[in-house]
Amino acid sequence: MAPRRQYWLLKSEPDAFSFDDLLAAPKRTTCWDGVRNYQARNTMRDDMKVGDGVVYYHSNAKPPGVAGFAKVVREGYPDPTQFEKGHAHEDPKADLADPRWMMVDIQAVQAAERFVSLDELRGVKALEGMALLQRGQRLSVQPVSAAEWKALARLTGVPQAALSV
DNA sequence: GCCAACGTTGGC
DNA sequence: GCCAACGTTGGC
């Protein structure tokens, strides 16, 4: 039996790497490096599987919101930037033999037909319980339920079929 | 630029 | 192991 597909939300600052940047990337794919939070690391290392759906969220944007959808194309592996001398994400305590920070690769699937702002998300009943909308939630990698995924597809004007990759 | 919320660090 | 100080996130 095929494992059940799961869904995740990844935050990115569009000034640094927007959904359009992902669409323009080779194979519309990027590695999700730079995450330096243990909970987010654990999710990428243990839980994100090839084929899982990814909601691409623009944070620190005007306005913040959902810009598109992607999928996981490679499961957790060491983030090389932790070992790069002078790199902004270098971690001097990281051990080559036992890397501390992990990342996944994601590939763009479909841009939102309509960008849906955080403000609008907050008004949607079906999204009440969404991790993103909980007070004090700052994680850059978060779970999304199947029901939330469906609601987000509807809100962004993207047919379910386009996302059932 | 402000600041609330939260995570990490390091002295003890 | 506590907890104050500090750093970061991210909406506003």
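Just so we're clear, the structure is a prediction, and the values are computed from it rather than from any experiment. Lettering of chains follows the sequences in order, A, B, ..., and the numbering in each one begins at 1.
With respect to A:Tyr56, the side chain to side chain contact (heavy atoms under 4.5 Å, CB included) criterion is satisfied by exactly one of A:Val109, A:Leu10, A:Leu22: A:Leu22.
Applying the ring-ring contact (aromatic ring centres under 6.0 Å, His included) test to residues at least two apart or on different chains, the pairs with a partner in residues 95-133 of chain A are A:Tyr38-A:Trp101.
Applying the side chain to side chain contact (heavy atoms under 4.5 Å, CB included) rule to A:Val116 yields the partners A:Arg114, A:Glu120, A:Leu121, A:Leu155, A:Thr156; only residues at least two apart in sequence or on another chain are considered.
Closest approach of A:His89 and A:Arg36 over heavy atoms only: O-NH2, 2.9 Å.
Both tests pass for A:Arg74 against the ring of A:Tyr77: distance under 6.0 Å to the centre and angle within 45° of the axis.
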Enumerate all atom pairs, one protein N or O and one N or O from nucleotides 7-12 of chain B, separated by less than 3.5 Å.
| from | atom 1 | to | atom 2 | distance (Å) |
| --- | --- | --- | --- | --- |
| B:dG7 | O4' | A:Arg138 | NH2 | 3.3 |

